[in-house]
Visitor: 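Before anything else, here's the structure in question.
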Amino acid sequence: MAKNRYVGEYPVIGIRPTIDGRRGPLKVRESLEDQTMAMAQAAKKLFEENIRYSNGEPVKVIIADTTIGRVPEAAACAAKFKKENVDITLTVTPCWCYGSETMDMDPMTIKGVWGFNGTERPGAVYLASVLATHAQKGLPAFGIYGHEVQNLDEVTDIPGDVREKLLRFARAAVAVATMRGKSYLQIGSMCMGIGGSIIDQDFIQDYLGMRVESVDEVEIIRRMTEGIYDEAEFQKALAWTKEHCKEGWDKNPDFVKASPEKKAEAWEFTVKMYCIIKDLMNGNPNLPEGREEEMVGHNAIAGGFQGQRQWTDFYPNCDYPEALLNSSFDYSGAREPYILATENDVLNGLGMLFMKLLTNRAQIFADVRTFWSPEATKRASGYELTGAAKENGGFIHLINSGAACLDACGECVDEKGNAVMKQWWDVTAEDIEKMTRATDWPSADFGYFRGGGFSSHYITRAEMPATMIRLNLVKGLGPVLQIAEGWTVKLPDEVTEVLMKRTDYTWPCTWFTPRCDGVEGSPFCSAYDVMNNWGANHGAISYGHVGADLITLCSMLRIPVCMHNVPGKDVFRPAAWNAFGMDKEGQDYRACAAYGPMYKNIRG
């Protein structure tokens, strides 16, 4: 599909077919070779057909050269996997094997074990034995075991429950391993006293295996002033912007309104910002000769822009670059979304990154701004809530200038006609036209942005499944994640107009209601309780219900989940978590504390 924009190869999944090592006159091992390798091939096919890297390519999967029955074969497999950049291993078997002799002993691989549920050979017994050994050695592994007994000749028929766990493990593991060695690029620093913009380099290094790169915002001015950008790209982007990004209304009083000439200058400025920030993140070989240092970029998989106040009091704001970088397209057509957090809220940016890598879709950055109860909605607008918003006790207003992707307008549809935010490689020219038509660009609110510029504005006019998360750092505890699955809410236009006039109606607007349980004392009793228990002012929002994948991903990173509404049957963590108590939430906290951050063993 697209070129890998990051330095280094994408992570590879390695399949380890383990087997009963006994030979002798009854040829035990020989009788199992075909079934064992067939399981490995079935897993490989499943992953290749369903898991993609962020650039759209199918995941690379390799299988050990032989089945693994004894230590020398395990060592040969490890040697091959090291050469092939394997970060993720799945051990598969239909039979008994020698656990500690055949297991993956690499402390840095993400491990899963699939034991076939059959009666002819005890694959489940090996699974239980090797998972116990993994726990004993401090090497957590995910255990995968089907609910229904299968015949031995059905090893390639992967049941639905096994398929779901295999894919959840692979999606999360590929996301985790993709982050390794990449950078978070902060442009600027702390913003308006927002805690999420106080960057914690130790957290990013120890938990995510990433580094922090930092440049001052003045670097953008330097590159503009000295012409350190691709002029041809800038002209193409500017022409596209003039054609597709229609200017919205100007709410500012006449005495501070910018002239048409000043607005034209602001458009050129913000389009150059877009090009330069993209270059800062991942480099650009087409910069002017003599600018080889700037060509390389920072290998950033995510970034943030401070903006307020020093920048936006003097220069046009960064709303256009943030909104468009986070979208699934630009002047060049459909392309892999970037992650750029407004106000340099690194914790929200990292939440967006988690979900982008899990879904390959554009992400929304928003304030978790206002809770609207059914009563308040009726009082303000005369409208009585229906559907999911009524069932869950109201809705939450998600709104912020800046980094909400344009995909969230809800104008694109799938093959069944349902509103969708598509995986980026499925976005068509028609989709791009719909999204740009649904968005206008009002002049920036002078009260917030004295330097001028433009803010994206659209209304999410569709009901779509959505997941809102927040990554928080708590002193004495460390990182925790909150997850709220729910739906975007489609309100009548006249109701939206009434409610939006009570806030800043030049910004993108999404109404969201979480899936609630009505249990008194629960953080999910109602939409109000979700907002009241939210850990910060911002949220990262993705299309789809991806909470279960996030829980699996967080267990790999050793980040406990402190609040979620994912059904218990979908919670999938390493088997060793079961040794840390009977309550799933307490298990997670205790296991994450015991194992510690994933990269603590490789600190410099």
Side-chain angles (χ1 to χ4, degrees), residues 1-2 45-59 157-168 170-172 174-175 244 323-324 326-330 332-338 352 355-364 386-389 398 404-439 458-468 485-493 508 510-513 515 541-550 566-567 570:
M1 298 280 297
K45 183 173 184 288
L46 178 70
F47 291 153
E48 289 174 338
E49 291 178 352
N50 292 277
I51 307 294
R52 294 198 193 187
Y53 298 126
S54 64
N55 72 337
E57 291 178 0
V59 68
D157 298 334
I158 304 178
D161 59 336
V162 172
R163 174 189 170 92
E164 183 178 354
K165 286 183 176 179
L166 285 170
L167 292 177
R168 180 155 294 141
R171 277 193 301 268
V174 168
H244 295 281
L324 203 57
N326 285 320
S327 298
S328 61
F329 63 91
D330 64 6
S332 64
R335 53 103 176 100
E336 178 184 347
Y338 291 80
M352 294 166 71
M355 294 192 291
K356 175 209 160 178
L357 293 175
L358 286 171
T359 66
N360 292 309
R361 302 176 196 268
Q363 301 297 307
I364 305 169
T386 61
L398 305 178
C405 62
L406 304 193
D407 303 64
C409 66
E411 295 295 323
C412 300
V413 295
D414 62 17
E415 62 279 0
K416 296 180 181 178
N418 299 314
V420 65
M421 292 168 60
K422 293 183 177 182
Q423 292 180 304
W424 71 263
W425 52 78
D426 290 328
V427 172
T428 66
E430 181 184 358
D431 293 328
I432 295 172
E433 184 66 26
K434 287 180 179 178
M435 290 185 271
T436 54
R437 270 206 315 265
T439 306
Y458 59 78
I459 308 296
T460 305
R461 289 186 172 91
E463 181 176 300
M464 298 183 287
T467 301
M468 180 171 74
E485 293 184 339
W487 301 268
T488 62
V489 176
K490 181 181 180 181
L491 295 178
D493 287 347
T510 301
W511 312 111
F512 171 76
T513 189
R515 185 177 62 243
I541 302 95
S542 181
Y543 174 87
H545 291 158
V546 296
D549 285 357
L550 285 159
V566 175
D570 296 328

Visitor: So E164 and D570, do their side chains get closer than 4.5 Å, heavy atoms only?
Guide: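 Yes, close enough: below the 4.5 Å cut-off.
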
Visitor: Carefully, step by step, assess E485 and R515 under the rule salt bridge (charged side-chain N to carboxylate O under 4.0 Å, His left out).
Guide: CA-CA 6 Å; E485 293 184 339; R515 185 177 62 243; 2.7 Å; yes

Visitor: Given the rule in the side chain to side chain contact (heavy atoms under 4.5 Å, CB included) test, do N50 and R163 qualify, once you have shown the distances and angles that lead to the verdict?
Guide: CA-CA 11 Å; N50 292 277; R163 174 189 170 92; 3.4 Å; yes

Visitor: Between CG of D549 and CZ of R168, what distance do you get to the nearest 0.5 Å?
Guide: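 The distance works out to 5.0 Å.
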
Visitor: Can you list everything that forms a side-chain contact (heavy atoms from CB on, under 4.5 Å) with K165? Sequence neighbours excluded, please.
Guide: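 Expected list: I144, F572.
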
Visitor: Looking at every heavy atom in both A462 and G410, which two are closest together, and how far apart are they?
Guide: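 Answer, listing the atom of A462 first, then G410: CB-O, 3.7 Å.
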
Visitor: Using modelled atom types only, decide if a donor and an acceptor are shared between the side chain of S542 and the backbone of Q363 within a distance under 3.5 Å.
Guide: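 No; judged by distance alone, with no hydrogens or angles, the pair does not exist.
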
Visitor: In Å, rounded to the nearest 0.5 Å, how long is the span from CG of L406 to CG of L324?
Guide: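 Rounded to the nearest 0.5 Å, the CG-CG separation comes to 6.0 Å.
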
Visitor: Starting at CG of L357, measure out to CE of M352 and round the result to the nearest 0.5 Å.
Guide: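 Separation between the atoms: 11.5 Å.
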
Visitor: Do R335 and W425 meet the cation-pi criteria used here (NZ or CZ under 6.0 Å from the six-membered ring centre, within 45° of the axis)?
Guide: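 No, R335 and W425 do not form such a contact.
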
Visitor: Verify, without hydrogens or angle tests, whether T439 (side chain) and T436 (backbone) share a donor-acceptor contact under 3.5 angstrom.
Guide: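 Side chain of T439 to backbone of T436, a donor-acceptor pair under 3.5 Å: no, none is there.
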
Visitor: Side chains of L491 and R461: closer than 4.5 Å at any heavy-atom pair?
Guide: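 L491 vs R461: side chains apart.
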
Visitor: K434 and E411: which non-hydrogen atoms are nearest, and at how many Å?
Guide: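 So the minimum-distance heavy-atom pair works out to CD-O, 3.6 Å.
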
Visitor: With a 4.5 Å cut-off on side-chain heavy atoms, are L166 and I158 touching?
Guide: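 I158 reaches L166 side chain to side chain.
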
Visitor: Keeping the roles fixed (side chain from E48, backbone from L46), state whether a donor-acceptor pair exists under 3.5 Å.
Guide: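 Checking the backbone N and O of L46 against the side chain of E48, no donor-acceptor pair under 3.5 Å is found.
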
Visitor: Could you tell me whether the side chain of T488 and the main chain of F512 form a donor-acceptor pair under 3.5 Å?
Guide: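 Not a single qualifying donor-acceptor pair exists.
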
Visitor: Using the side-chain contact (heavy atoms from CB on, under 4.5 Å) criterion, which residues pair with E415? Sequence neighbours excluded.
Guide: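 E415 satisfies side-chain contact (heavy atoms from CB on, under 4.5 Å) with no residue once adjacent residues are dropped.
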
Visitor: Nearest 0.5 Å, what's the OG-CE distance between S327 and M421?
Guide: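 Between atom OG of S327 and atom CE of M421 there are 8.5 Å.
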
Visitor: Do V413 and N418 come close enough that some side-chain heavy atom pair is under 4.5 Å?
Guide: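 No. Closest side-chain heavy atoms not under 4.5 Å.
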
Visitor: Mind running salt bridge (charged side-chain N to carboxylate O under 4.0 Å, His left out) on D407 and R361 for me, showing each step along the way?
Guide: CA-CA 9 Å; D407 303 64; R361 302 176 196 268; over 6 Å; no

Visitor: Would you say I364 and Y543 make side-chain contact, with heavy atoms under 4.5 Å?
Guide: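 No, every pair of side-chain atoms sits at 4.5 Å or beyond.
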
Visitor: Quick one: does C409's side chain get under 4.5 Å of I459's, heavy atoms only?
Guide: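 When only atoms from C-beta onward are counted, I459 and C409 do not touch, as no gap falls below 4.5 Å.
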
Visitor: Report yes if the side chains of V174 and R52 come closer than 4.5 Å at any heavy-atom pair, otherwise no.
Guide: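 A side-chain contact under 4.5 Å is absent here.
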
Visitor: Mark yes or no for whether S328, through its side chain, and A362, through its backbone, hold a donor-acceptor pair below 3.5 Å.
Guide: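 Checked: no pair found.
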
Visitor: Run the side chain to side chain contact (heavy atoms under 4.5 Å, CB included) test on Q423 and T359 for me, step by step, so that the C-alpha distance in whole Å, both residues' side-chain angles and the decisive distance to 0.1 Å come before the verdict.
Guide: CA-CA 7 Å; Q423 292 180 304; T359 66; 5.8 Å; no

Visitor: Quick one: do V546 and M355 satisfy side chain to side chain contact (heavy atoms under 4.5 Å, CB included)? Show the steps, please.
Guide: CA-CA 8 Å; V546 296; M355 294 192 291; 4.1 Å; yes

Visitor: H545 side chain to T467 main-chain N or O, any donor-acceptor pair under 3.5 Å?
Guide: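 Absent.
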
Visitor: Rounded to the nearest 0.5 Å, how far apart are CE of M435 and NZ of K422?
Guide: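 Answer rounded to 0.5 Å: 8.0 Å.
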
Visitor: Provide the closest heavy-atom pair for A408 versus Y458 in the form atom of the first, atom of the second, distance.
Guide: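 Closest heavy-atom pair between A408 and Y458: CB-OH, 3.3 Å.
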
Visitor: Looking only at heavy atoms, which two atoms of A334 and W424 are closest? And how far apart?
Guide: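 For A334 and W424, the tightest heavy-atom pair comes out as CB-O, 3.7 Å.
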
Visitor: Looking at every non-hydrogen atom in both residues, tell me the closest pair between L550 and L358 and how far apart they are.
Guide: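 L550 and L358 have their closest heavy atoms at CD2-CD1, 3.8 Å.
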
Visitor: List the atom of V566, the atom of A548, and the distance in Å for their closest heavy-atom pair.
Guide: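 Closest approach of V566 to A548: CG2-N, 3.8 Å.
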
Visitor: Measuring from atom CZ of F329 to atom SG of C405, what distance do you get when rounded to the nearest 0.5 angstrom?
Guide: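 Result: 9.0 Å between the selected atoms.
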
Visitor: Any side-chain heavy atom of L398 within less than 4.5 Å of one from W511?
Guide: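 They are not in side-chain contact.
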
